[in-house]
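Accompanying notes for the structure given below.
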Amino acid sequence: MDCLFCKIANGEIPSNFIYEDESVVAFRDINPQAPQHILIVPRKHIASINAFEVDDKDLAAHILVDVVPKLAKDLKIDESGYRVVINTGDEGGQTVHHLHVHLLGGRSMQWPPG
Ligand code: AMP
Ligand code: ZN
């Protein structure tokens with residue numbers, strides 16, 4: 001499958017992972033929207049939230065329960081605050097069709113988002 005984030009996750013396209021484990025990789029967004037802008041990407045190709053399967057529950061929980069708080073702490077944005085975003089589909093602003101979690105911090109966020 002010709003998928004950018006599959007290629008990054010499997011090393012076909014070189015990247016500097018700030019975190020990796022058996023199920024996810026995390027790296028800096030190429031076009032950062034905040035001083036800290038990390039993408040957390042499952043190694044498994046999942047197109048979007050819509051494509052989650054029952055077997056993905058542990059993976060989804062792992063990202064939110066383990067990886068996001070760990071990275072927020074490592075990046076020292078856990079106390080100041082941060083935003084976690086999963087853009088989904090065209091109107092959700094998804095441009096890469098391999099599920100990824102944006103972790104944004106280091107500045108004040110606005111609401112509503114644009
Ligand atoms: P989304 O619009 O939610 O699908 O997010 C895709 C994100 O991937 C955007 O924020 C892009 O800046 C980012 N991106 C695209 N290509 C790369 C790349 N080669 N390395 C890191 N981030 C990328
Ligand atoms: Zn993929």
Side-chain angles (χ1 to χ4, degrees):
M1 186 187 308
D2 193 24
C3 170
L4 175 64
F5 285 177
C6 279
K7 288 180 179 170
I8 289 177
N10 70 23
E12 214 176 308
I13 294 176
S15 178
N16 288 319
F17 297 147
I18 68 159
Y19 173 82
E20 66 177 310
D21 63 28
E22 67 286 352
S23 58
V24 305
V25 300
F27 50 89
R28 293 195 175 276
D29 196 292
I30 203 169
N31 182 23
Q33 301 301 312
Q36 303 288 358
H37 186 171
I38 307 300
L39 300 176
I40 301 162
V41 176
R43 291 185 186 274
K44 175 185 175 186
H45 182 87
I46 301 169
S48 78
I49 285 182
N50 290 335
F52 266 140
E53 296 170 341
V54 172
D55 284 353
D56 297 323
K57 280 185 185 176
D58 285 352
L59 171 64
H62 175 54
I63 292 172
L64 275 186
V65 175
D66 305 321
V67 181
V68 166
K70 177 196 162 28
L71 291 181
K73 196 168 182 207
D74 289 351
L75 297 168
K76 298 185 170 48
I77 55 173
D78 55 329
E79 299 286 336
S80 51
Y82 53 90
R83 186 167 290 177
V84 177
V85 174
I86 306 177
N87 294 327
T88 303
D90 289 344
E91 292 198 354
Q94 184 176 9
T95 59
V96 177
H97 296 279
H98 178 134
L99 182 89
H100 49 283
V101 176
H102 295 258
L103 171 61
L104 300 129
R107 68 168 171 84
S108 267
M109 302 291 162
Q110 306 300 310
W111 195 265

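Counting starts at 1 for both ligands and their atoms, in listed order. Below, each value reflects all heavy atoms present in this structure, side chains not excepted, and no hydrogens, waters or symmetry copies. The chain is numbered in sequence order, starting from 1. All values reported here derive from a predicted model rather than from experimental measurement.
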Protein N/O/S neighbour count - the Zn ion (ligand 2), strictly under 2.8 Å: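 Protein heteroatoms (N, O, S) closer than 2.8 Å to the Zn ion (ligand 2) number 4.
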
Could you tell me how the ring of Phe27 sits relative to the ring of Phe5: parallel (under 30°), tilted (30 to 60°) or perpendicular (over 60°)? perpendicular

Check the angle between the aromatic planes of His45 and His98 and answer parallel, tilted or perpendicular using the 30° and 60° thresholds.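 Ring orientation, 0 to 90° scale: perpendicular.
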
Would you say the side chains of Arg28 and Gln36 form a donor-acceptor pair under 3.5 Å?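 Indeed, the side chains of Arg28 and Gln36 share at least one donor-acceptor pair under 3.5 Å.
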
For Val85, which fellow cluster members are found when Ile, Leu, Val, Met, Phe, Trp and Tyr are connected by side-chain heavy-atom distances below 4.5 angstrom, either directly or through intermediates? Leu104, Met109

Who else is in the cluster with Val54 when I, L, V, M, F, W and Y are joined by side-chain contacts under 4.5 Å?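 Members besides Val54: none; it forms no cluster.
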
Working to the nearest 0.5 Å, report the span between NE2 of His102 and CD1 of Ile86. 9.0 Å

Once you round to the nearest 0.5 Å, how far does NZ of Lys44 lie from CD of Glu53?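 Lys44 NZ to Glu53 CD: 4.5 Å, rounded to 0.5 Å.
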
Identified side-chain contact (heavy atoms from CB on, under 4.5 Å) partner of Ile38 from the options Asp74, Ile77, Val68, Leu75: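 Among Asp74, Ile77, Val68, Leu75, the one meeting side-chain contact (heavy atoms from CB on, under 4.5 Å) with Ile38 is Leu75.
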
Can you tell if the side chain of His100 reaches within under 4.5 Å of the side chain of Asn87, non-hydrogen atoms only? no

Could you go through ligand 1 and list every pair where one of its N or O atoms sits under 3.5 Å from a protein N or O, giving the atom names and the distance to one decimal?
| from | atom 1 | to | atom 2 | distance (Å) |
| --- | --- | --- | --- | --- |
| ligand 1 | 2 (O) | Gly93 | O | 3.0 |
| ligand 1 | 2 (O) | Thr95 | N | 3.3 |
| ligand 1 | 2 (O) | Thr95 | OG1 | 2.9 |
| ligand 1 | 3 (O) | Asn87 | ND2 | 2.8 |
| ligand 1 | 3 (O) | His100 | NE2 | 2.9 |
| ligand 1 | 3 (O) | His102 | NE2 | 2.8 |
| ligand 1 | 4 (O) | Thr95 | N | 2.7 |
| ligand 1 | 4 (O) | Thr95 | OG1 | 3.2 |
| ligand 1 | 4 (O) | Val96 | N | 3.0 |
| ligand 1 | 4 (O) | His100 | NE2 | 2.9 |
| ligand 1 | 5 (O) | His100 | NE2 | 2.9 |
| ligand 1 | 5 (O) | His102 | NE2 | 3.3 |
| ligand 1 | 10 (O) | Asp29 | OD1 | 3.2 |
| ligand 1 | 10 (O) | Asp29 | OD2 | 2.5 |
| ligand 1 | 12 (O) | Asp29 | OD1 | 2.5 |
| ligand 1 | 22 (N) | Ile30 | N | 3.1 |

